[in-house]
Amino acid sequence: MTGTTVVATDAASGLPAVPLQDTVLLPERIGELTGLDGFGLGGELLATFLAAFLIGNLMLAMTGVAGPWAKRKITAAFTDRIAVNRLGPAGLFIIVADSVRLLSKELIIPENADRPAYDLAPIVVAASALLGFAVIPMGSGLHLADPEVGLAYVFAVSGIASLGLVMAGYASANKYSLLGGLRAVAQNIAYEIPLVITGMSVVIFAGTLQMGEIVAAQHETLVEIAGISIPTWYAFVNPFAFVLFLVANFAEVGRNPFDTPEAPTEIVAGYQTEYSSVHFVLIYLGEFLHIFLGGAIIATIFLGGPAGPVLPGIVWFIIKIWAVFFATQWLRSAVPRVRIDQLIEIGWKGLLVLSFANLVLTAVIVGLIA
């Protein structure tokens with residue numbers, strides 16, 4: 001089984017540059033290396049499982065670092081405080097300590113909880129994010145699948161998290177949890193529409209929903225300044241859409257100033273108030289997985305995916321999604337929470353109108369260029 005390699009051409013010299021995208025997907029690569037591709041459908045399924053296991057654990061490992069450690073360190077730096085520094089070098093062993101502490105806590109179930117929905121909600125929240133990474137091209141051969149409707153797929157599966165949050169709020173038999181779940185679904189609907197519409201402006205530029213092709217379309221040279229080539233990343237081509245998408249994404253992942261579904265000063269902790277032990281860990285994990293998924297989508301459709309000089313593609317990809325994570329924590333420390341009515345008004349009256357304006361303007365520009 002063989003694949004082809006997409007190669008960028010340097011505009012100034014006309015010489016081939018660094019390979020951009022290997023069309024051999026990770027399951028195929030694993031099948032070749034292990035010989036599983038010789039065992040028919042069963043071998044292909046096993047190779048796919050191994051590839052998904054690798055990608056999933058990479059994302060879970062980054063989440064494990066981000067939640068207990070990086071979040072605290074970044075917040076402490078912004079607020080001039082000392083964060084975790086006692087357990088291990090730079091306090092890194094807090095990751096192990098928090099894992100043991102949270103997982104060993106007693107699992108307390110509310111007396112009147114709707115048990116099936118209560119148990120399934122954390123799984124839905126976490127799994128919806130993990131499913132999204134299946135179509136993200138991470139570089140260095142780490143790409144599970146590249147369907148023609150990749151961007152639509154990732155928007156669809158990430159939106160399933162809204163169902164999990166409503167289930168958590170309803171099933172907890174707690175009025176504050178219910179309010180948090182209602183706020184979550186209202187917020188997600190208000191901001192997911194502008195998010196998708198802004199993403200469609202990228203589709204107009206690229207001419208495809210396929211994630212690999214969207215990445216490949218961003219490797220031409222936009223302009224050259226003082227010998228430095230600026231690539232056609234859509235963040236440079238359409239910075240207005242990039243800012244709109246960033247704001248809508250921050251609202252989708254529920255970080256400040258858009259964290260009203262779990263506002264502790266108003267509704268205790270919203271939809272997760274009644275969750276403890278492993279259930280709380282799954283919801284907490286799901287939140288950070290969605291932050292990284294949002295960063296992965298932004299990196300893919302606006303920042304050239306895994307493209308970058310010198311370093312391997314996967315390194316650049318990880319740097320880009322961590323940059324988005326850093327931005328979420330920056331806002332958490334610097335921007336106050338908005339009221340729920342203000343939040344909904346910003347989504348429906350602000351971002352929605354601007355996203356449609358951006359879509360129309362993009363279509364006109366592309367039409368004129370064509």
Side-chain angles (χ1 to χ4, degrees), residues 3-11 16-29 51-52 54-55 58-59 62 129 131-158 195-196 198-223 229-239 241-242 244-246 249 292-325 362 366:
T4 58
T5 300
V6 179
V7 178
T9 301
D10 186 86
V18 179
L20 302 177
Q21 177 199 356
D22 194 330
T23 58
V24 178
L25 299 174
L26 184 58
E28 298 172 356
R29 193 180 302 274
L54 177 62
I55 297 295
L58 174 63
M59 293 300 112
M62 291 202 302
L131 286 171
F133 288 104
V135 298
I136 301 291
M138 301 181 185
S140 303
L142 296 178
H143 194 180
L144 283 179
D146 197 18
E148 293 183 358
V149 292
L151 187 58
Y153 165 84
V154 77
F155 282 141
V157 295
S158 63
L195 191 78
V196 173
T198 306
M200 289 304 103
S201 68
V202 170
V203 173
I204 292 176
F205 273 118
T208 179
L209 287 164
Q210 194 168 354
M211 300 294 262
E213 294 298 325
I214 291 174
V215 169
Q218 297 178 68
H219 291 284
E220 301 294 330
T221 298
L222 179 64
V223 65
S229 296
I230 306 298
T232 53
W233 292 0
Y234 293 127
F236 300 142
V237 174
N238 191 351
F242 178 58
L244 285 177
F245 198 91
L246 270 179
N249 177 71
F292 281 122
L293 178 60
I297 298 170
I298 290 168
T300 301
I301 68 175
F302 284 104
L303 301 176
V310 184
L311 299 175
I314 182 60
V315 176
W316 276 113
F317 181 79
I318 290 174
I319 288 173
K320 290 171 185 178
I321 62 177
W322 272 92
V324 175
F325 172 76
T362 301
V366 172

Inset, instruction - Apply the test ring-ring contact (aromatic ring centres under 6.0 Å, His included) to residues F292 and F325: give CA-CA distance (whole Å), side-chain angles for both, the deciding distance (0.1 Å), then the verdict. - result: CA-CA 7 Å; F292 281 122; F325 172 76; 5.5 Å; yes
Inset, instruction - Could you please spell out the steps behind the side chain to side chain contact (heavy atoms under 4.5 Å, CB included) verdict for N249 and I297? - result: CA-CA 10 Å; N249 177 71; I297 298 170; 6.0 Å; no
Inset, instruction - Could you tell me the separation between the CZ atom of F155 and the CG atom of L195, rounded to the nearest 0.5 Å? - result: 5.0 Å
Inset, instruction - Please name the residue in the list L244, T362, L246 that meets the side chain to side chain contact (heavy atoms under 4.5 Å, CB included) test with T198. - result: L244
Legend entry - Least distance between heavy atoms, L144 atom then A52 atom: CD2-N, 3.5 Å
Donor-acceptor contacts, no H, no angles, side chain residues 300-319, under 3.5 Å, sequence neighbours left out:
{"residue": "T300", "atom": "OG1", "partner": "A296", "partner atom": "O", "Å": "2.7"}
{"residue": "W316", "atom": "NE1", "partner": "P309", "partner atom": "O", "Å": "2.8"}

Inset, instruction - Answer whether the closest heavy-atom distance between the side chains of L293 and V154 falls below 4.5 Å. - result: yes
Legend entry - Student check: side-chain heavy atoms of M138 and L26 closer than 4.5 Å: no
Legend entry - Any Y153 side-chain heavy atom under 4.5 Å of L209 side chain: no
Inset, instruction - Take M62 and I321, measure what side chain to side chain contact (heavy atoms under 4.5 Å, CB included) needs, and give me the verdict at the end. - result: CA-CA 10 Å; M62 291 202 302; I321 62 177; 3.3 Å; yes
Inset, instruction - Check whether any side-chain heavy atom of Q210 sits under 4.5 Å from a side-chain heavy atom of V215, and report yes or no. - result: no
Inset, instruction - Please report the shortest heavy-atom distance between S201 and N238, naming the atom on each side. - result: OG-ND2, 4.4 Å
Legend entry - Where A299 and K320 come nearest, the two heavy atoms and their spacing: CB-CB, 3.9 Å
Inset, instruction - Please identify each residue that fulfils side-chain hydrogen bond (donor to acceptor under 3.5 Å, both in side chains) with T208, with sequence neighbours left out. - result: none
Inset, instruction - Kindly indicate whether the side chain of P137, heavy atoms from C-beta on, has any atom under 4.5 Å from the side chain of D146. - result: no
Inset, instruction - Mind running side chain to side chain contact (heavy atoms under 4.5 Å, CB included) on I136 and I55 for me, showing each step along the way? - result: CA-CA 10 Å; I136 301 291; I55 297 295; over 6 Å; no
Inset, instruction - Check the angle between the aromatic planes of Y234 and F205 and answer parallel, tilted or perpendicular using the 30° and 60° thresholds. - result: parallel
